[in-house]
Number of protein chains: 2
Amino acid sequence: MRMVIARCEVTYSGRLDAYLPPATRLLVVKADGSVLVHSDGGSYKPLNWMSPPCTTTVEAPAETDPEGTQEVWRVRARKGEDELRVVVHEVLHDHSVDLGVDPGLVKDGVEAHLQVLLAAHTDTFGEGMRLVRREHMTPIGPVDLLLRDQAGAHVAVEVKRRGEIDGVEQLTRYLELMNRDPMLAPVRGIFAAQEIKPQARVLATDRGIECVVVDYVGLSGRDDPTARLF
Amino acid sequence: MRMVIARCEVTYSGRLDAYLPPATRLLVVKADGSVLVHSDGGSYKPLNWMSPPCTTTVEAPAETDPEGTQEVWRVRARKGEDELRVVVHEVLHDHSVDLGVDPGLVKDGVEAHLQVLLAAHTDTFGEGMRLVRREHMTPIGPVDLLLRDQAGAHVAVEVKRRGEIDGVEQLTRYLELMNRDPMLAPVRGIFAAQEIKPQARVLATDRGIECVVVDYVGLSGRDDPTARLF
DNA sequence: CCATTCATTTCGAGT
DNA sequence: ACTCGAAGTGAATGG
């Protein structure tokens, strides 16, 4: 990895065209050739970048480049016509290190885990609710949870971390299809998420779909309060 | 901005829990307090991070921290219980600079520009096609382009950079609504994008929606070939 | 290998 | 401030 602090101008041309006026920025060149251009604020997203695989060539300034240009980096994607052009005016700091390969990240808490938890606690959706199966296949994709209520009627559950309008549309398509199957019909829908956006709730209610807000931490605690990833 | 190359362990707890085993990485602390943990590969996304606003406190190693720990950074979000904990084992490089505020990025080529171009070249959708208005409002949102064809019938156009299934769903909702309005009906739909995914094309065709693939570069050239952003 | 879905999404526009 | 949709989305997962 090479880190350069430099006063520079940057242009990107590819899927869009973008330009960064002269300013001092952090340029990072990773071992895989990728390049990041960071400012001293914002979030983790660089102002501009080139994803791997790509190659950098350093050129002397062209006639058209501004006075005082030290060098020009041309970073090109291996495939496609994407190009990042970094016009370096002044280098304030330059340091390289070999970091080696990173062992990588361990995660927990995503939608998959929420689905498993809900499958184990179907009473979240009402008394006497029984699990028929997780990931019940339909011709257009898997329904997250298929349940039967106390009366024996089928219930299709769509699980999201955050419930937005797309999820309601998806569940609607599943319900429409499943209700054509005489073995399943009638099937009603439940939209379950840790948080449900107002617009999604309106659409769901309008279509007769019940909304259930799920307490992830609370459900986790009911399993094994001592179990931890690390 | 402060850049530190260090052998470290990182844990994040908040919306999920994540852990990075000991390894050498780049730690960036930006002027707004945000922290990035980068490895020497992957894309522009850090392995782990904390978005602003947040504050970092440096502590001496706790009893529970591994042998040889130099210091521990606790980066906490101003709001919420998000916390990034960086256990620093060994600092290999440490450099700080003041970059100042960045002038920011200038963009071109997004969906908005495509919409403007198409509004100016309605013949893209057929001979004698006339523009009624851009961003025609409906109760559920604006239709990108409303046109009238040679016969005087209304045409609703949904413009996307990349045409996917969501765009077809959106246009379908607009059409359903507009066709209830006797002043507009009958309204047919056109789905316009620089690239249309096969599944989106199938769904559109099935619903009687015409698909038009747009040549952005070609359309731009018809306006003013000398006009450039920079 | 292609398609779909998720994301500690981030980012910007509009209300 | 909040909501909603787009992203040079990227990344993982399933077919």
Side-chain angles (χ1 to χ4, degrees), chain A residues 11-18 34-37 41-52 54 75 77 80-84 104-105 107-115 135 137 140-142 144 158-162 164-167 170 193-203, chain B residues 10-19 34-37 42-52 54 75 77 79-84 104-105 107-115 135 137 140-142 144 158-167 169-170 193-194 197-200 202:
Chain A
T11 54
Y12 165 76
S13 46
R15 271 162 285 189
L16 61 69
D17 296 291
S34 55
V35 177
L36 319 183
V37 182
S43 61
Y44 66 71
K45 195 177 183 182
L47 293 166
N48 227 326
W49 71 94
M50 184 61 77
S51 308
C54 61
V75 188
E81 70 269 33
D82 281 18
E83 180 176 320
L84 192 70
L105 194 67
K107 279 187 186 182
D108 175 58
V110 282
E111 184 188 323
H113 196 224
L114 190 57
Q115 194 191 109
E135 303 284 349
M137 280 309 299
I140 54 168
D144 291 334
E158 178 66 32
V159 179
K160 291 280 177 218
R161 202 172 62 80
R162 278 159 43 183
E164 299 182 26
I165 213 157
D166 282 7
Q170 197 181 335
Q194 286 184 264
E195 175 201 350
I196 296 179
K197 292 284 168 81
Q199 286 224 349
R201 182 181 292 273
V202 170
L203 184 63
Chain B
V10 184
T11 53
Y12 165 77
S13 46
R15 272 161 286 191
L16 60 69
D17 296 291
Y19 170 68
S34 56
V35 177
L36 319 183
V37 182
S43 63
Y44 64 73
K45 194 176 181 179
L47 293 167
N48 224 327
W49 72 94
M50 182 63 74
S51 308
C54 61
V75 188
K79 308 239 169 161
E81 70 268 34
D82 282 18
E83 179 175 321
L84 193 69
L105 193 68
K107 276 189 183 181
D108 175 58
V110 282
E111 185 189 322
H113 196 225
L114 191 57
Q115 193 192 108
E135 303 283 349
M137 279 310 299
I140 54 168
D144 291 333
E158 177 67 32
V159 179
K160 291 279 176 219
R161 204 173 59 80
R162 277 160 40 186
E164 301 184 23
I165 214 157
D166 282 6
E169 294 282 19
Q170 197 181 334
Q194 285 184 265
K197 293 285 170 78
Q199 285 225 350
V202 170

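In what follows, chains are A, B, ... by sequence order, proteins preceding strands, each numbered from 1.
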Notebook entry, point to check: Between atom CD of A:Q170 and atom CD of B:E169, what is the distance when rounded to the nearest 0.5 Å?
Noted result: 10.5 Å
Item checked: Between D:dG5 (C1') and A:L203 (CG): distance, integer Å -> 16 Å
Next item on the list: Using heavy atoms to find the nearest nucleotide of DNA chain C for B:L84 and B:M137 separately, return the residue whose nucleotide is more 5′.
Entry: B:L84
Checklist line | Atom pair distance, as rounded to whole Å: CG in B:D166 and C1' in C:dT4 | finding: 11 Å
Next item on the list: For the side chain of A:R161, starting at C-beta, report the closest nucleotide among C:dC6, C:dT9, C:dA3.
Entry: C:dT9
Checklist line | Of the listed nucleotides D:dA6, C:dT10, D:dG8, the one nearest the side chain of B:S51 | finding: C:dT10
Next item on the list: Taking only the side-chain nitrogens and oxygens of B:W49, find out if one of them lies under 4.0 Å from OP1 or OP2 of C:dT10.
Entry: yes
Item checked: A:Q194 vs A:R162, side-chain contact (heavy atoms from CB on, under 4.5 Å): CA-CA, chis, key distance, verdict -> CA-CA 6 Å; A:Q194 286 184 264; A:R162 278 159 43 183; 5.9 Å; no
Notebook entry, point to check: Contact class for A:M50 vs. all strands (heavy atom < 4.0 Å): base, sugar-phosphate, or nothing?
Noted result: base
Item checked: 5' precedence on DNA chain C between B:D82 and B:E164 (nearest-nucleotide basis) -> B:E164
Notebook entry, point to check: Are any of A:K107's side-chain N or O atoms less than 4.0 Å away from OP1 or OP2 of C:dA7?
Noted result: no
Margin query: If I take atom CD in residue B:E169 and atom P in nucleotide C:dT5, what distance separates them, rounded to the nearest angstrom?
Written below: 11 Å
Next item on the list: Output yes when at least one side-chain N/O atom of B:K197 is less than 4.0 Å from OP1 or OP2 of C:dA3, else no.
Entry: no
Note to self: Do B:K45 and A:K45 have side chains that approach each other closer than 4.5 Å (heavy atoms only, starting at C-beta)?
What the structure shows: no
Next item on the list: First locate atom CG of B:L47, then atom OH of A:Y44, and finally report the distance between them rounded to the nearest 0.5 Å.
Entry: 12.0 Å
Notebook entry, point to check: Can you check the A:D144 CG to D:dT13 C1' distance for me, whole Å?
Noted result: 14 Å
Next item on the list: Choose from D:dG10, D:dG8, C:dT9 the nucleotide whose nearest atom is closest to any side-chain atom of A:R162.
Entry: C:dT9
Item checked: Pair A:Y12-B:L105, side-chain contact (heavy atoms from CB on, under 4.5 Å): steps then yes or no -> CA-CA 10 Å; A:Y12 165 76; B:L105 193 68; over 6 Å; no
Check: In whole angstrom, what separates A:L16's CG from C:dG12's C1'?
Finding: 14 Å
Next item on the list: Please report, rounded to the nearest Å, how far the P atom of D:dA6 is from the CD atom of B:Q115.
Entry: 11 Å
Check: For DNA chain C, which ranges pair as stems of 3 or more consecutive Watson-Crick or G-U pairs, with both donor-acceptor distances under 3.5 Å?
Finding: C:1-7 with D:9-15, C:9-15 with D:1-7
Check: Can you check whether B:R15 has a side-chain N or O nearer than 4.0 Å to OP1 or OP2 of C:dT9?
Finding: yes
Checklist line | Heavy-atom side-chain contact between A:E83 and A:V75 under 4.5 Å | finding: no
Margin query: Nearest 0.5 Å, please: how far is CG in A:N48 from OG1 in A:T11?
Written below: 8.5 Å
Next item on the list: Quickly work out the A:L105 CG to D:dA11 C1' distance and round it to whole Å.
Entry: 12 Å
Checklist line | Whole angstrom value for the distance that separates P of C:dC6 from CD of A:E158 | finding: 7 Å
Margin query: Given C:dC6, D:dG8, D:dA6, identify the nucleotide with an atom nearest to the side chain of A:K160.
Written below: C:dC6
Notebook entry, point to check: For C:dC11, does either OP1 or OP2 sit under 4.0 Å from a side-chain N or O belonging to A:S43?
Noted result: yes
Note to self: Reading DNA chain D from 5' onward, which residue's closest nucleotide shows up sooner: A:A200 or A:L47?
What the structure shows: A:A200
Next item on the list: Under the salt bridge (charged side-chain N to carboxylate O under 4.0 Å, His left out) rule, what do A:D17 and B:K107 come out as? Steps first, then yes or no, please.
Entry: CA-CA 6 Å; A:D17 296 291; B:K107 276 189 183 181; over 6 Å; no
Check: What distance, rounded to whole Å, do you find between the two P atoms, one in D:dA11 and one in C:dC11?
Finding: 16 Å
